[in-house]
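What follows is a single structure, written as structure tokens, with notes after it.
Start at 1 with the first residue, then count along the sequence. These figures come from a predicted structure and were not determined experimentally.
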Amino acid sequence: MMPFIVSITKYLRHQWLRCCLGIMLGIVFYFGIFSIQAVAAPQINEVRVSLGNSDNELKFFPSSLEFVAGQRYKLVLDNPSPQKHYFTAKDFADGIWTQKVEAGKVEIKGAIHELELKPGGEAEWVSCL
């Protein structure tokens with residue numbers, strides 16, 4: 001009688017392990033899919049900045065920006081004025097990781113500290129703080 005009880009206990013133990021393994025794999029798969037989607041499509045905060053205005057004023061609109069560390073941002077810079085303007089932000093650029101800068105049909109990567117926007121120009125600076 002003892003071997004029969006031992007084999008039933010082994011059988012139940014294996015079934016219990018299989019059930020637990022199935023549940024764990026289901027949880028990993030379920031949350032794994034959502035975490036992959038989160039990585040594939042991270043949230044990017046868009047901030048629009050005008051360099052000057054049509055009256056040729058040499059100031060940024062808005063005049064100050066606030067960022068949260070650990071988040072991704074896309075600065076959309078535009079120059080509505082009839083003269084070229086510079087966006088120089090060395091301290092900002094040194095404190096972030098620049099993913100890319102897009103201007104027209106050009107994508108620039110690497111350390112960037114200054115952008116020059118021609119009249120009517122627009123650029124996107126994607127970075128993570």
For residues 118-129, which side-chain N or O atoms pair as donor and acceptor with protein atoms under 3.5 Å away, sequence neighbours left out?
from, atom 1, to, atom 2, distance (Å)
K118, NZ, E116, OE2, 2.9
W125, NE1, T98, OG1, 3.1

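Cluster membership for L117 and L65, using ILVMFWY side-chain heavy atoms within less than 4.5 angstrom, is shared. In the hydrophobic clustering of ILVMFWY residues, with side-chain heavy atoms under 4.5 Å counting as a link, L75 and V68 come out together. Residues W97 and V47 do not share a hydrophobic cluster, defined by chaining ILVMFWY side chains whose heavy atoms lie under 4.5 Å apart.
Residues V76 and V49 form no side-chain contact, since every pair of their non-hydrogen atoms from C-beta on lies 4.5 Å or further apart. The shortest side-chain heavy-atom distance between H85 and F87 does not fall under the 4.5 Å cut-off.
Contacts of D94 classified as side chain to side chain donor-acceptor pair (under 3.5 Å), with partners at least two apart in sequence or in another chain: K90, H113. Take K105 and apply the salt bridge (charged side-chain N to carboxylate O under 4.0 Å, His left out) test, not counting sequence neighbours, and it matches no residue. Applying the side-chain contact (heavy atoms from CB on, under 4.5 Å) criterion to V106, with sequence neighbours excluded, gives I108. For Y86, there are no ring pair (Phe, Tyr, Trp, His ring centres under 6.0 Å) partners two or more places apart in sequence or in a different chain. When the side chain to side chain donor-acceptor pair (under 3.5 Å) test is applied to E66, no partner is found at least two apart in sequence or on another chain.
Atom CG in N53 sits 7.5 Å away from atom OG in S81 (nearest 0.5 Å). For the atom pair NZ (K100) and NZ (K74), the distance works out to 7.5 Å, reported to the nearest 0.5 Å.
Nearest heavy atoms, I44 versus Y73: CG2-C, 3.9 Å.
In terms of modelled atom types and a separation under 3.5 Å, the side chain of N79 and the main chain of Q83 share a donor-acceptor contact.
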